[in-house]
Structure formats: structure tokens, C-alpha cells
2 protein chains.
Amino acid sequence: MTGIRALADSLNISIGTVSRALNGKPGVNPETRDRVLKMAQETGYVANAAGRNLRKGLTNTIGMVIGTGPAAAKGDNNFFMAVTDAMQRAMLERGVDLILLPCHAAMDPLAFLQRTLQRGSIDGLVLTATLEQDPRIAMLEASHLPFITLGRSRTPGNYAWMDLDFEGAARQSVARLAELGHRRIAIGIPKGQANLSALYLESWRQQMQAEGLSPSDDLLFVDDFTEAGGAQVAARLLDQADRPTAILMCSEPMISGFCGGLLGAGVQPGADVSVIGFRQSPLLRHLAPPISCFDMDLDALGEDMAKAILGLVYDADNALHITRAISPMTYVETASVQPLR
Amino acid sequence: MTGIRALADSLNISIGTVSRALNGKPGVNPETRDRVLKMAQETGYVANAAGRNLRKGLTNTIGMVIGTGPAAAKGDNNFFMAVTDAMQRAMLERGVDLILLPCHAAMDPLAFLQRTLQRGSIDGLVLTATLEQDPRIAMLEASHLPFITLGRSRTPGNYAWMDLDFEGAARQSVARLAELGHRRIAIGIPKGQANLSALYLESWRQQMQAEGLSPSDDLLFVDDFTEAGGAQVAARLLDQADRPTAILMCSEPMISGFCGGLLGAGVQPGADVSVIGFRQSPLLRHLAPPISCFDMDLDALGEDMAKAILGLVYDADNALHITRAISPMTYVETASVQPLR
DNA sequence: CTGTTAGCGCCTTCAC
DNA sequence: GTGAAGGCGCTAACAG
């Protein structure tokens, strides 16, 4: 004898009544309800997840796909920690669990997603690290599982997303550097199809032109999303005859490696080459000078993400409009940005 | 019509045969088996988790409890990323999923664990951040859910664990510093009941005495497990008349804050105060000089953890002996450690 | 207000 | 080698 049946027997009532009492359904004698609740508390009874899931088709669980692998393990994953932390807090209030679904770099992301969907163990999904063209989005739309992406995509479709302001960051960075007299303003972005890189790059191009500057190819540095990649960028930049005097980069590991590369060559970030990053990171903690970055409220972002997916999953009727929001950021300047000498 | 029944119908065979074919059970015509497998592949069929779980009482999922919260979000969680990455890879080979169960600092860890256990959605558990006296361990033993802890505990019981060599680190650190002539060798540990702190502290005491040095109270600094805590330690240390000439600290955020504190006061890590940390961290990336730390193979640790819990859960018959292992580390010295002048 | 019962999707035992 | 049927724990619909 186990589960709800044991509980019912110990109270000499039927499992139906127990279930109703536990689930707050109407039509139960208040006294009976109290007895059930008390006994459940005492015995530590909680409904078996599989049984409930099988019956209701709901698991009270939201999944979040995150990429792992050698690169992720080496980098600083502080961004996801902060966001998931806030998300979880918001979900907990609704009795919903957040589980992280690590998709290793060596796995096929589509197969992983397919398997995850078919298993039926989550009610909704948060997709991260979106690509410019992301086949996972089409798969999710076809699956009818509610989802939201952290990061936009060019993939067509009527899905919910939230994102950081990569265009705004690039625009403000270029504008500020131009204001300080810089003309050869370079940009460093990671290899790969990440949508954020495309947005950042495109915005740099546009703002360069708006400033009357040329976004020429020798100002564009594409390399690995790692410190080594950033160091490569530094080496190639220092190699140029008409060396860029400033650079913006949206990857923290690359910024770290880049500054390391500069310093190793006796070139000072700030004094010799102005540097603007995207977000603060533990990796940049002891760089001198500190790096100019954008401040953002990841707590608020996480909370908004949670609200969006919870609404989509559990209040589908009310969720008439699809969330599409760009989280605001504030530029914080340090001595890593200086006027052109 | 859904699930296994739809698959069976589309092949004009019974669901029993489909199930046997899919699960590699004997007694299925090879040709039939191929047809089933092929169709499953094509349609992307995967057994529904709730149905299978309900029937078998197994979910092919291992949970891992990790602590989250403001402190965790600010710190560098690179350690867990590396370990879980390796664990997941090893589990995937066995068709087992690893899910992370974030337990927020604001939640009662015992209630969280209780709820997790009762939900019945995992076959085994990995517990992290063990305390000297950890009530979660008693709860797990009573639950009969197989588990392994990452980190020992003084809590009695016959459970499996793996851990890092905190005693070895403290012992080697003190021995090396003593060898270089240091006599006032301080130690900094985080507040709280974490078992690792107790081990580290006790080993420092023993080795100090073994070196004929006094582990006096003014050499012991206990503060928050944060950069601010580390900065506090620096301030208090610099304040002493008979200032310690060396320190060991097992918390990376504290080391980071400590070195920041020293530098802010114009005191050089290494040249003025020798510093030995525990593990390398993004937070220490651009400190000059780099900090002497211990190298460890987190990949191997993660793989061993995975093997241990998988054995416990799915090969209980063969797992006659309980895993209890301390992962080896290698001291890597830098200019943050220098002879006493 | 409470008891009884069907059935969610799957695996396994028992017939054949 | 295959089909039929029971039941894992739970909730909801239906009786009483």
C-alpha cells in the first residue's frame, strides 16, 4: 500500500476525497479537508509526480536548455547563474520547478530537443543561445509546447522572446568612441551563427556609417569565443600598420584574452587602445583599468522571463499577447575608454 | 491515438511487441524489431516519461542539488560547470539524463529535498556543498534513494562520497610556506558550517604544530564567502602590529577580494604577503602576480562521480563497495609565494 | 459531501 | 514470436 491510497486508508476515507482535499477542489467538508492536510503534513506525503503527470498531462516543471561543453566550462557562466536564479525564485511562488537541461556541445541540439519534447516531462521550455537561423525554433513551434527564447532569431515565426540590447550597446559604443575622436573603431565578435553577434555587428556597421566612418573589413575581427580567440584578435590588431585606436567586443572571454594580449605586448588598454565590452564578468575583475561595460538588471530579466513562460503555459487564455522585450542597459565608462590622442 | 499505441497501429502489430522491440528485450523477430526501430526513428517516437516512470518506478534521470542565490550568482560557478559537464557526458553514454536542481538560498534546503524526493522524478541524487553536520544526509538515507555527496560530512552514516583534498592543500601550503621561512602563516575561511572549511582549518592547525609554529587565534580569519569578506580579511590582517607574512585561503571570491584589498592598500601579494589559494578561478585571471593554487582534474572528478552514482542506482548488485574517494591535486607555485625577507 | 471507477502511457506476465 | 490484459498512482467524472 502506497501513496494516496495509504493516506486514504489511514484516515478511513476514499482516495477521491483525499485527492480533492489535497488539490483544493471545492465540495469537501472543511473538517475532512483539515484532517487530510494534517495527515499529509505529518507523513510527508506528496503526490507522485509520474502518476499526476500521466493523469493531468502537466508536470509543473519548466525546462531550460543551456549549452555546455569545454568552452562553456572554461568561460564564466555567471550570466546564466544570475538569470536562472531570478527565474527560479519567481517560479517557486507559483509552485513550478525550473530544471536545467544541459545540452553538451558534442550532442546534436536538435536530437536533444526532440528527445526532451517527446519525453513529456516539462510543461514549457526556455531556449537560450539562439542562432540567426535556428531549426530548434521550428521544431518547438511544431511541437505545440509553449516556449520562450532568451535571444531573438531571424527564424520566422510567432514566438515569444526576450533579449539584451546588443544593437543599443554597439550603437552607444561607437557613438561614444567617435565623440572622443576615434575614427578607426574596430569590432570583435565570436565565430559562429549566434544571433547576438549578427545584431552587434550590424549595429556597429550602421553607427559607423552614421558617424561618417568606414566600417571596413580590416576593422572586423572574428575569432573563437574564448580567451585564446581574444588574444588572437589582439595580435592581429597590433599587427596592422594603421592600427585601430578603439575596439568593442561583446564576448567577455574574448575581452579578457584581448586585454591580456595587449598587456603582454606592452600596450595599455585605455591609454593606447580604448576598449568597450558588453557585460561585466569575473574574468575582467582585476584588469587595470577596469573595462567600460553595460550594466543590466539580470534579476529583472529573469523575473520577466519566468512571468512570460508561466503565462504562456498556465494562463494561456489570458496570455493574449506574445512577449517580445529587450532588456535595457546602462553604459558605465571607465578609464578603458579615453580620447584619441 | 498517441504514443506507443499509434506506433503499434501504424505497423499493424501489438503494443507489447513494440515495447519489447524498443527496449531490446529478447524474443522478438529480428525483422520485426528492425521495422519497429525504423518507424520509431522516422516518427521521432520516444517513450513518454510519465508512463514509463509510473510502470517501472525509474526515470533514467539523476538529480543534482546545487545552491543558488545572490552569493552564488555573483561568484564564479565555474567549478560546478566543469564537474557537471563531465558528469553529463558520462551519463549520456548510459542513456541517463542529469538534471540540476537549484535550491535557492532563501528556501529551506530540507523542505526542498523532501519535496524533490517525494515527487519521485529522479532515480538518484548528487548532493553538493555538504555541511559538517548535514541533516539532508539523514533524510536521504531514510528515503532509500541512492545518493552520493560531493564533499564529506561529519554526519554519521554509510553513504558514498567524493571530495577534494582540502587537508592536503592546507598541509602542503603550510609546509611550503614554512620551508620558505614564514612563521606567521594565516588562514582565511568562509563563515558557515561548510565541511570543507572545517577540514581546511583543522589541517592548517595540525601542520602548523608539526612545523613547530603556533596556530594562534590572531592568524585565523573567518569572514563572508564573498569578495567583500576577503577584503575584510585583508583590512584586518594589515591592521595587526605583528602582521602575518603569508596566508592560505580556500575560497576564490575571498582570495580575489583579499588581493584587491592588499593592492588597494599598496601591499603587494607575493612580495609583501605570500598568498596561496585553492583553485584557479576566472576571478583571479588578471591578478598580478598570478596566485599559487592547486591544479585538479575536474573532468576526471565528474566522470568518477557519474560512475559512482550510476553504479549505485542501476547496478546496485555489483556496487558492493561504497565509493569514498579524494580527488588528487597538484600544487602550482607562482610569484604569489616568496621567501620571507 | 463522499465513494467508486475509468483511464492517462507504458511494461510485463501470461496465454497462445 | 506475438497478442491480450493488468496495473503502476493519480485525478476527474459520475453515482449516490
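Here is the naming used below: chain letters follow the sequence lines, and residue numbers restart at 1 for every chain.
- The OG1 atom of Thr84(A) sits 9.5 Å away from atom CG of Leu100(B), with the distance rounded to the nearest 0.5 Å.
- Identified under the salt bridge (charged side-chain N to carboxylate O under 4.0 Å, His left out) test for residues 37-60 of chain A, with sequence neighbours left out: Lys38(A)-Glu42(A).
- Scanning DNA chain D 5' to 3' for nucleotides with an atom closer than 4.0 angstrom to a non-hydrogen atom of chain A gives a first and last hit of dG9(D) to dA13(D).
- Arg94(A) is linked by a side chain to side chain donor-acceptor pair (under 3.5 Å) to Asp315(A), counting only residues two or more places apart in sequence or in another chain.
- With values rounded to the nearest 0.5 angstrom, Leu150(B) atom CG is found 7.0 Å from Asp163(B) atom CG.
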(message) Walk me through whether Ser327(B) and Met162(B) qualify under side chain to side chain contact (heavy atoms under 4.5 Å, CB included).
(response) CA-CA 7 Å; Ser327(B) 194; Met162(B) 301 200 63; 5.7 Å; no

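- Where the helix from dC1(C)-dG16(D) to dC16(C)-dG1(D) starts and where it ends, the local axes point in directions that differ by 50°; five pairs per end, rounded to 10°.
- Straight-line distance from the CG atom of Asn53(B) to the C1' atom of dC10(C): 11 Å, rounded to whole Å.
- For Ser14(B), the side chain to side chain contact (heavy atoms under 4.5 Å, CB included) partners at least two apart in sequence or on another chain are Thr17(B).
- For the segment residues 31-41 of chain B, the set of residues with a heavy atom within less than 4.0 Å of an atom of DNA chain D comprises Thr32(B), in numerical order.
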(message) What does the B/S/- profile of nucleotides 11-16 of chain C look like, 5' to 3', with a 4.0 Å heavy-atom cutoff to protein?
(response) BBB---

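- Atom CD of Gln193(B) has 12 or fewer neighbouring heavy atoms from other residues, nucleotides or ligands inside a 6.0 Å radius.
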Acceptor/donor pairs from residues 25-34 of chain B side chains to any protein atom, 3.5 angstrom cut, sequence neighbours excluded:
from: Asn29(B); atom 1: OD1; to: Glu31(B); atom 2: N; distance (Å): 2.8
from: Arg33(B); atom 1: NH1; to: Ala21(B); atom 2: O; distance (Å): 3.1
from: Arg33(B); atom 1: NH2; to: Lys25(B); atom 2: O; distance (Å): 2.7

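- Scored by the side chain to side chain contact (heavy atoms under 4.5 Å, CB included) test, Thr149(B) finds Leu127(B), Thr130(B), Ile137(B), Phe147(B), Tyr159(B), Trp161(B) as partners (sequence neighbours excluded).
- Sequence neighbours left out, the pairs with a member in residues 125-144 of chain A that pass salt bridge (charged side-chain N to carboxylate O under 4.0 Å, His left out) are Glu132(A)-Arg154(A), Asp134(A)-Arg136(A).
- Contacts of Gly3(A) with the nucleic acid, taken as non-hydrogen atoms under 4.0 Å apart, involve only primed sugar atoms and P, OP1 or OP2.
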Per-pair distances, 0.1 Å, donor-acceptor, side chain in residues 101-114 of chain A, under 3.5 Å, sequence neighbours excluded:
from: His104(A); atom 1: ND1; to: Ala106(A); atom 2: N; distance (Å): 2.9
from: His104(A); atom 1: NE2; to: Asp85(B); atom 2: OD1; distance (Å): 3.3
from: His104(A); atom 1: NE2; to: Arg89(B); atom 2: NH1; distance (Å): 3.1
from: Asp108(A); atom 1: OD1; to: Leu110(A); atom 2: N; distance (Å): 3.1
from: Gln114(A); atom 1: NE2; to: Gly44(B); atom 2: O; distance (Å): 3.4

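- Looking at residues two or more places apart in sequence or on another chain, you find a side chain to side chain contact (heavy atoms under 4.5 Å, CB included) between Leu196(B) and Phe166(B), Ala194(B), Cys250(B).
- Of the two residues near DNA chain D, Val28(B) and Leu54(B), the one whose nearest nucleotide lies more 5' is Val28(B).
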(message) Could you walk me through whether Met64(A) and Thr128(A) satisfy the side chain to side chain contact (heavy atoms under 4.5 Å, CB included) test, starting with their C-alpha distance in whole Å, then the side-chain angles of each, then the deciding distance to 0.1 Å, before giving a yes or no?
(response) CA-CA 8 Å; Met64(A) 174 157 166; Thr128(A) 67; 3.7 Å; yes

